[in-house]
Colleague: 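My structure is below; once you've seen it, I'll send some questions.
In what follows, every heavy atom counts, from backbone to side chain, and hydrogens, waters and symmetry copies are set aside. Everything quoted here is computed from the prediction, not taken from an experiment.
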Amino acid sequence: QVQLVESGGGLVQAGESLGLSCAASGYIFTSNIMGWYRQAPGKQRELVATITSGGSTNSADSVKGRFTISRDNAKNTVYLQMNSLKPEDTAVYYCNVHQPLYGVDYWGKGTLVTVSP
């Protein structure tokens, strides 16, 4: 079974930075898309950023220029560097792995990021 474990969440002040990591274990086909999603209080889960095994990235307009997604294929790990954090970034951040070959998604349990004003 595929398992995803997020780490790096915490409490920071607006304007500061924070880095998240997600380590995947189990069998994952080499061609896949890893990403970060978040769910803020009272809102639905939304896309933050994704990155393919080939390195192509996509991100939400709200985080462009502030967040950077990257991955280490050898370690099956995806990262999210968050700079210039805003209170609106406060949410539980979830790691995701999508495998187009199998049409399946895997999710982590989430890590909480809280940004104070």
Side-chain angles (χ1 to χ4, degrees):
Q1 296 292 325
V2 174
Q3 292 185 322
L4 306 178
V5 180
E6 303 99 335
S7 63
L11 173 63
V12 298
Q13 190 173 353
E16 297 181 340
S17 300
L18 197 64
L20 305 181
S21 297
C22 173
S25 62
Y27 178 77
I28 301 177
F29 190 68
T30 53
S31 295
N32 62 72
I33 302 172
M34 302 186 78
W36 291 94
Y37 292 73
R38 67 186 182 186
Q39 186 168 14
K43 297 183 179 180
Q44 297 298 309
R45 188 174 301 184
E46 65 176 356
L47 168 72
V48 177
T50 60
I51 182 169
T52 69
S53 53
S56 298
T57 62
N58 181 59
S59 62
D61 290 340
S62 60
V63 306
K64 288 182 178 177
R66 299 188 300 120
F67 293 9
T68 301
I69 188 170
S70 61
R71 63 187 288 167
D72 186 331
N73 292 335
K75 296 181 178 180
N76 290 323
T77 301
V78 63
Y79 308 92
L80 184 68
Q81 179 61 44
M82 305 182 291
N83 298 326
S84 301
L85 283 162
K86 305 174 181 179
E88 64 192 72
D89 294 318
T90 295
V92 175
Y93 284 70
Y94 297 91
C95 180
N96 168 265
V97 175
H98 177 67
Q99 300 194 165
L101 181 64
Y102 301 103
V104 66
D105 286 275
Y106 302 97
W107 295 91
K109 294 182 178 180
T111 184
L112 178 63
V113 173
T114 302
V115 184
S116 63

Colleague: Considering all heavy atoms of both residues, which atom of Ala14 and which atom of Pro87 are nearest to each other, and what is their separation?
Modeller: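 Minimum heavy-atom separation between Ala14 and Pro87: CB-CD, 4.1 Å.
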Colleague: Can you name the nearest heavy-atom pair linking Ala60 to Leu47, along with the distance?
Modeller: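 So the minimum-distance heavy-atom pair works out to CB-O, 3.5 Å.
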Colleague: Only pairs at least two apart or in different chains count here, so list each disulfide bond (SG atoms under 2.5 Å apart) that has a residue in residues 26-92.
Modeller: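 The answer is none; no pair qualifies.
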Colleague: Please name the pair of heavy atoms, one in Gln13 and one in Pro117, separated by the smallest distance, quoted to 0.1 Å.
Modeller: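 For Gln13 and Pro117, the tightest heavy-atom pair comes out as CG-O, 4.1 Å.
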Colleague: Could you tell me whether Gln3 atom CD has more than 12 heavy atoms of other residues or ligands within 6.0 Å of it?
Modeller: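 Counting other residues, nucleotides and ligands, CD of Gln3 stays at 12 neighbours or fewer.
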Colleague: Can you list the steps and then say if Val113 with Leu20 is a side-chain contact (heavy atoms from CB on, under 4.5 Å)?
Modeller: CA-CA 9 Å; Val113 173; Leu20 305 181; 4.1 Å; yes
Colleague: Taking a hydrophobic cluster as the set of Ile, Leu, Val, Met, Phe, Trp and Tyr residues connected by side-chain heavy atoms closer than 4.5 Å, whether directly or through intermediates, do Leu112 and Leu11 fall within one such cluster?
Modeller: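 No; tracing contacts between hydrophobic side chains, which count when under 4.5 Å, never links both residues.
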Colleague: Over all heavy atoms of both residues, which pair between Pro100 and His98 is shortest? Give the atoms and the distance, please.
Modeller: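 Looking at all heavy atoms of both residues, the closest pair is CD-O, 3.4 Å.
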Colleague: Would you please test Asn58 and Ile33 for side-chain contact (heavy atoms from CB on, under 4.5 Å) and show each step?
Modeller: CA-CA 10 Å; Asn58 181 59; Ile33 302 172; over 6 Å; no
Colleague: Could you measure the distance from the OG1 atom of Thr68 to the CG atom of Asn83? Nearest 0.5 Å is fine.
Modeller: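 The CG atom of Asn83 is 6.5 Å from OG1 of Thr68, to the nearest 0.5 Å.
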Colleague: Could you check whether any side-chain N or O of Asn73 sits under 3.5 Å from a backbone N or O of Ser53, counting only pairs where one atom can act as donor and the other as acceptor?
Modeller: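 A pair under 3.5 Å: yes.
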Colleague: Less than 4.5 Å apart, side chain to side chain, heavy atoms only: is that true for Leu18 and Met82?
Modeller: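 Sidechains of Met82 and Leu18: in contact.
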Colleague: For a side-chain contact (heavy atoms from CB on, under 4.5 Å) check, start with the C-alpha distance between Tyr79 and Asp72, then their side-chain angles and the critical distance, and finish with the verdict.
Modeller: CA-CA 8 Å; Tyr79 308 92; Asp72 186 331; 4.2 Å; yes
Colleague: Looking only at heavy atoms, which two atoms of Arg45 and Trp107 are closest? And how far apart?
Modeller: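 Residues Arg45 and Trp107, closest heavy atoms: NH1-CE3, 3.2 Å.
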Colleague: For residues Met34 and Thr77, report the shortest heavy-atom separation together with the two atoms involved.
Modeller: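 Smallest heavy-atom distance, with atoms named: CE-C, 4.4 Å.
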Colleague: Is the shortest heavy-atom distance from the side chain of Leu85 to the side chain of Phe67 under 4.5 Å?
Modeller: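 With C-beta onward as the side chain, the pair touches.
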Colleague: Would a distance-only check, ignoring hydrogens and angles, find a side-chain to backbone donor-acceptor pair under 3.5 Å from Gln99 to Gly103?
Modeller: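 Side chain of Gln99 to backbone of Gly103, a donor-acceptor pair under 3.5 Å: no, none is there.
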Colleague: So that I can tick it off, tell me whether Asp89 and Lys86 are bridged by a salt bridge, with the cut-off set at under 4.0 angstrom between side-chain N and carboxylate O.
Modeller: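 Answer for the salt bridge query: no.
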Colleague: Can you list everything that forms a ring-ring contact (aromatic ring centres under 6.0 Å, His included) with Tyr94? Sequence neighbours excluded, please.
Modeller: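 Partners of Tyr94 by the ring-ring contact (aromatic ring centres under 6.0 Å, His included) criterion come out as none, since no residue qualifies.
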Colleague: Under the side-chain contact (heavy atoms from CB on, under 4.5 Å) rule, collect the residues that match up with Ile69, sequence neighbours excluded.
Modeller: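 Result, side-chain contact (heavy atoms from CB on, under 4.5 Å) vs Ile69: Trp36, Ala49, Ile51, Thr57, Val78, Leu80.
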Colleague: First locate atom CG of Asn76, then atom CG of Asn32, and finally report the distance between them rounded to the nearest 0.5 Å.
Modeller: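 Going from the CG atom of Asn76 to the CG atom of Asn32 covers 8.0 Å.
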Colleague: I'd like to know if Lys109 pairs up with Glu6 as an ion pair, taking the criterion as any Lys NZ or Arg NE/NH1/NH2 lying under 4.0 Å from an Asp or Glu carboxylate oxygen.
Modeller: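 Glu6 and Lys109: not salt-bridged.
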Colleague: On the 0 to 90° scale, with breaks at 30° and 60°, tag the Tyr102-Phe29 ring pair as parallel, tilted or perpendicular.
Modeller: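 Rings of Tyr102 and Phe29: perpendicular, as their planes differ by over 60°.
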Colleague: Using atom types as modelled and distance alone, determine if a side-chain donor or acceptor of Thr90 lies under 3.5 Å from a backbone N or O of Val115.
Modeller: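 Flag set: sc Thr90 to bb Val115 pair under 3.5 Å.
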